[in-house]
Amino acid sequence: MAIEGADIVKAAAFLGAAFSMGLGAIGPGVGEGYAAAKACEAIGKNPEQAGLLTRTMLVGQAVTESTGIYSLVVALLLIFVV
């Protein structure tokens, strides 16, 4: 059983997909956690603005999560297209 060029390309695509999801999930995870922590801190200091702060936090987290979705798309392309 010999290793051919197509096997090396497929292995590289799988490794690229793994790195894409691994590194692509760290940023949104840390960013959303930081945003939630700051929102909880702000709500603790100013409880009457809880609705506005929560809404703003959720919009920011949705934007942050888009980078994780982009890395998922790249990983799926590497797995199924290459």
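We count residues from 1, following the sequence as given.
- Closest of all the heavy-atom pairs between P28 and G24 is CD-O, 3.0 Å.
- Looking at every heavy atom in both residues, A75 comes nearest to S20 through N-OG, 3.9 Å.
- S71 places no side-chain N or O within 3.5 Å of a backbone atom of M21 that could act as its donor or acceptor partner.
- If you chain together hydrophobic residues whose side chains sit under 4.5 Å apart, V81 and V74 never meet in one group.
- Atom CD1 of I3 has 12 or fewer heavy atoms from other residues, nucleotides or ligands within 6.0 Å.
- Under the side chain to side chain contact (heavy atoms under 4.5 Å, CB included) criterion, K10 pairs with F14, not counting sequence neighbours.
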Please list, one pair per line, the donor and acceptor atoms closer than 3.5 Å that link side chains of residues 38-61 to other protein atoms, with sequence neighbours excluded.
unit_1	atom_1	unit_2	atom_2	d
T54	OG1	A50	O	2.7
T56	OG1	L52	O	2.8
Q61	NE2	E32	O	3.0

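- At a threshold of 4.5 Å between side-chain heavy atoms, the hydrophobic network of Ile, Leu, Val, Met, Phe, Trp and Tyr places F80 and L72 in one connected group.
- When all heavy atoms are compared, the tightest approach of D7 to A2 is OD2-O, 4.0 Å.
- Using a 4.5 Å cut-off between side-chain heavy atoms of Ile, Leu, Val, Met, Phe, Trp and Tyr, with links allowed through other members, V82 and L76 fall into different hydrophobic clusters.
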